[in-house]
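Only one structure is covered here, and it is reproduced in the block below.
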Number of protein chains: 2
Amino acid sequence: MTEPLDPDMFDPVCPSSAMPFQIGDKWTGMIVRCLAAGPRRFTELRVPLRTITPKVLTATLRAMRRDGLVTRTAYDENPPRVEYELTELGRSMLILIDAACAWSEQYLPAILEARRASELTTSGEPERLKPPITSNSQIKAHKAEITR
Amino acid sequence: MTEPLDPDMFDPVCPSSAMPFQIGDKWTGMIVRCLAAGPRRFTELRVPLRTITPKVLTATLRAMRRDGLVTRTAYDENPPRVEYELTELGRSMLILIDAACAWSEQYLPAILEARRASELTTSGEPERLKPPITSNSQIKAHKAEITR
DNA sequence: CAGAATCCTCCCGGATACTG
DNA sequence: CAGTATCCGGGAGGATTCTG
């Protein structure tokens, strides 16, 4: 079996807010990563995504199904069980996501440094760049940084 | 000199709305592409981006400056002239963007087909996936398609 | 030409229930 | 467990106008 997802793989403590890449909508990229190792069930996905609401998760998964990125399989059991799995198309996004993670891992420090050094307040458009594709090593590095 | 930007390089007629990738915020990726061939001035950037408002362009460029992606050079002339140019950091994003473009070019038809074939209305979250990283060949292919 | 200043709208998506 | 049903606020970003 596929091992359980790391609950902290998208921990809000990670530098998500600084990451300049987004795959699909806000959650799609992260969901693809969660499904990389194998099929997952609805609630299982909610764990690492943590702040996602059922409504939004449902909507996102439905959009991904419609676009042929994931399949949904409902098992007639009790309690009900539903599994989501990447299609070939969905799987093909993984290389992109990995590339984005690699880029971020390499250059994010430079961005943060530039930001620190900058006088620009970006007044109006605040210090946020759109959401998160996050690699685990990043998260850990960042955790180590803020903990110290 | 660098040749003028193709006004249609981000033509709204292109399948932007179906593209599942976004670099930075809504416009950052496109701006990086516009600057790939060399420095550009403010108004020059407005041409291919067309629907962008000065306010948003200013804000986006400022955020990009703050993050060390572009530099701004103001020439003391009359009329005023300001040029934006990619930094090394900004330039490093190009490979990512190219990869995203390549992916889209390869798989976008599959997404559109899946979408066409799908019964899912995604009721609630509509038939849109977030914005645009767009390659020229895509645009032309799509134009040819809808024109016929 | 290169923005700054205002106002305003839309809609994403979060919160909080409830159900088969 | 795997969702649906409502309600609702905030903030990105468009439209418009004005200026050095």
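Convention: sequence-line order gives letters A, B, ...; per-chain numbering from 1.
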Could you tell me whether the phosphate oxygens of [N], OP1 or OP2, come under 4.0 Å of any side-chain nitrogen or oxygen in [X]?
{"X": "A:Arg40", "N": "D:dC1", "answer": "no"}
{"X": "A:Arg41", "N": "D:dC1", "answer": "no"}
{"X": "A:Lys26", "N": "C:dG14", "answer": "yes"}
{"X": "B:Thr43", "N": "C:dA2", "answer": "yes"}

For the side chain of [X], starting at C-beta, report the closest nucleotide among [options].
{"X": "A:Pro79", "options": "D:dC1, C:dT6, D:dA5", "result": "D:dC1"}
{"X": "A:Val56", "options": "C:dC1, D:dA2, C:dG13", "result": "C:dG13"}
{"X": "A:Pro54", "options": "D:dG3, D:dG14, C:dA2", "result": "D:dG3"}
{"X": "B:Thr58", "options": "D:dA5, C:dG3, D:dA15", "result": "C:dG3"}
{"X": "A:Arg72", "options": "D:dG3, D:dC1, C:dG13", "result": "D:dG3"}

**Prompt:** Transitively linked via ILVMFWY side-chain contacts under 4.5 Å: A:Met30 with A:Leu89?
**Reply:**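 They do share one cluster, since a chain of ILVMFWY contacts under 4.5 Å joins A:Met30 to A:Leu89.
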**Prompt:** NA contact type, B:Tyr84, heavy-atom cut-off 4.0 Å: base, sugar-phosphate, or nothing?
**Reply:**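 Result for B:Tyr84 = sugar-phosphate.
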**Message:** If you assign A:Thr53 and B:Arg81 each to the DNA chain C nucleotide with the nearest heavy atom, which residue ends up on the more 5' nucleotide?
**Reply:**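 Its nucleotide being nearer the 5' end, the pick is B:Arg81.
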**Item:** Residue mapping more 5' on DNA chain C - nearest nucleotide basis, B:Pro80 or A:Trp27
**Value:**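 Nearest-nucleotide comparison on DNA chain C picks B:Pro80.
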**Prompt:** At their closest point, which heavy atom of B:Val82 faces which heavy atom of B:Arg72, and how far apart are they?
**Reply:**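 Minimum heavy-atom contact is CG1-CG, 3.6 Å.
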**Asked** When you check the gap from the basic side-chain N to the acidic O, do B:Arg116 and B:Glu113 get nearer than 4.0 Å?
**Response**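 A salt bridge is present here (some side-chain N lies under 4.0 Å from a carboxylate O).
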**Asked** Honestly, is A:Arg40 close enough over A:Tyr84, meaning NZ or CZ under 6.0 Å from the six-membered ring centre and within 45° of the axis?
**Response**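 So A:Arg40 doesn't make the cation-pi contact.
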**Request:** Rounded off to whole Å, could you give me the NZ-to-C1' distance for the B:Lys55 and D:dG13 pair?
**Result:**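 So the two atoms are 6 Å apart, to the nearest Å.
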